[in-house]
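I have placed the structure first, in the form of structure tokens, so that the comments after it can refer back to it.
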Amino acid sequence: MGPNARTMDVSGKSEVVDEGDVWAPVQRERSYTTGSLSESSGLKRRNQGERAAAQVTEEKEPRNKRVRPVAKTLSATSTPQQGKVTPLKKLSLSIQRSIGCRNENRLFSFSPRTRSRDSGSAKKRSSKLWSETYDSAGEELSAREVKRQEVIFELMQGERMLVEDLHLVKKNYYEPMLKLSIMTQDELNQIFGILDTLPPLHQDLFDRLVKLRHEDGTVDQMGPTMLDWLPQLHTYKTYCCNQVAAKALLDHKRRNPAVHNFLQLCQESAFSRKLDVWSFLDLPRSRLVKYPLLLKEVLKHTVAEHPDHATLSQALSVIQAIISVINGKAGEAECEYYRKRLCYLYENQGEEEVTRSRLLLCHGELKNNKGQRLHVFLFETILVLTRLVTHNDQPEFQVYRQPIPLPELVLEELSDGEVRVGGSIRGAFTAANERAKNYFRVSFRDRSRGQSHTLQANDSFNKQQWVTCIRNAVVASREQGASPATSQDTPCTLINLSDLSLNCHEDKMEDG
């Protein structure tokens, strides 16, 4: 039976249709007729066009092609042979989807709009299921045990993929930029940190887990292995503490056309899977915070009587303690980095309060009601407004006006339209409520101490983040008496450094 079929169109003429293509009516030229033409002449003209189109189609097809009915053709092509999906595989698919949805800090989330070869290859990296490696010729596993094995396999595959990506970073970013002198070796060492030491660490865990697998693909106990390996993650303390300075230097170097063009070219290349270089540099931190999630999931599907249950519980406590230590050190490193880059124009600008602060609660760019861009730092004891300047080709933050100690700070959340923005030609033709959104005000309790600042965030969500963070910090400082001795107990999280600051849009508001 041939690959084509003949159909009947509305004019009674038969047409040959290639089954490999999607069926669609033959496109015909549109006849433009006026109302004075008779109905019969219009019909005649249409019939002539249809016969010409059918003739062209028949001339393109070989004369010896066989024909079969359309119904049979569609039924034959619409039901391709597919591999049988077993109940075990269905269960594994659902488990993998559920794990993927709960993964925090998941970096490799590919946009569904990107339908290129590299995105397809990225899917292949993580598409393998544990059930595809399991030899089901032996005893049947319970649904709970299948879920447990899937999570263990997810952990193992994650280690393998991390090692591959870390090698990719060195080969495609570090080495070319050094060879082409796009950056100096000192700058690259500052940005990449101790990345070189991490692949052997994770390769070691992967090799250990592979040795635990039986011939049928199952793993009995992984708790003792994790307990023995996890203390090595203290190495991450150095890497995570360096990330603040690394990202600041990388963002600064992006202004260099050579650096910008190189990184853009890499991002558009297949090997990067459309990811920016910082996504790769942030992979180790992302992997670190994922271990508690994976161990909790394994523990959840491990029965209490299982010999692995107790050691998995211990391993979970160990990794949580390690992350807590790294959290504190990373927070202190971030605070110290920005403290050193503050420059004061005159005395009594709160330098002592800033020096005593050990944590930076949040920071980012805001605008005042004159459209001036200010970089605002909320330390644990004081709010500092600054202007970004460059000194010796390095970014610095010039302290603007008088910083406000948190015990003396008054916060006002302003409604949209409440703030009047200073006049400009453009502003005169813009409705006030369109220009005066997402504002809040900070000031001294004693107005004689310094002026108030009316600040604008880029959207309502950003504004709410600032307002909540400032309000909580003010309450905490008053309760603690603004004592730096108690600041070490302030909780801190290993935040996603790619979203480190609460930035404002780049569009400028004209100064009145």
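Atoms considered below: every heavy atom in the structure, side chains included; atoms not considered: hydrogens, waters and symmetry mates.
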Taking the side chain as every heavy atom from C-beta outward, state whether [X] and [Y] have any pair of such atoms under 4.5 Å apart.
X    : Y    : result
L205 : M226 : yes
D308 : P224 : yes
L378 : C469 : yes
R148 : T302 : yes
L455 : L385 : yes

- Passing candidate, side-chain contact (heavy atoms from CB on, under 4.5 Å) with F206, options D204, L209, V210: V210
Verify whether one side chain among [X] and [Y] offers a donor that lies under 3.5 Å from an acceptor in the other.
X    : Y    : value
N368 : H453 : no
H391 : E396 : no
R208 : T225 : no
N242 : Q190 : yes
N189 : Y174 : yes
N327 : S324 : no
E297 : H301 : yes
T184 : D186 : no

- Message: Taking the cut-offs as 6.0 angstrom to the six-membered ring centre and 45 degrees off its axis, would you call R273 and F271 a cation-pi pair?
- Response: no
- Item | Verdict with supporting geometry, E159 and H202, side chain to side chain donor-acceptor pair (under 3.5 Å) | CA-CA 6 Å; E159 295 301 301; H202 293 277; 2.8 Å; yes
- Any residue meeting side chain to side chain contact (heavy atoms under 4.5 Å, CB included) with T355, in chain and number order, not counting sequence neighbours: E351
- Would one find more than 12 heavy atoms of other residues, nucleotides or ligands at under 6.0 Å from atom CZ of F461? no
- Message: Quick one, D416 with Y439, criterion side-chain contact (heavy atoms from CB on, under 4.5 Å). Give me CA distance, side-chain angles, the key distance, then yes/no.
- Response: CA-CA 7 Å; D416 290 346; Y439 277 92; over 6 Å; no
- Would L212 and D220 count as a side-chain contact (heavy atoms from CB on, under 4.5 Å) if you check the C-alpha gap in whole Å, the side-chain angles of each, and the deciding distance to 0.1 Å? CA-CA 8 Å; L212 296 179; D220 286 338; over 6 Å; no
- Would you check, one step at a time, whether the test side-chain contact (heavy atoms from CB on, under 4.5 Å) holds for E187 with K253? CA-CA 9 Å; E187 290 171 335; K253 295 300 295 184; 3.2 Å; yes
- V219 and H214: side-chain contact (heavy atoms from CB on, under 4.5 Å), yes or no, with the steps? CA-CA 6 Å; V219 174; H214 297 300; over 6 Å; no
- Message: Using a 3.5 Å distance criterion without hydrogens, assess whether the side chain of R339 forms a donor-acceptor pair with backbone atoms of S357.
- Response: yes
- What pair of heavy atoms forms the shortest contact from L359 to G331, and how long is it? CD2-C, 4.1 Å
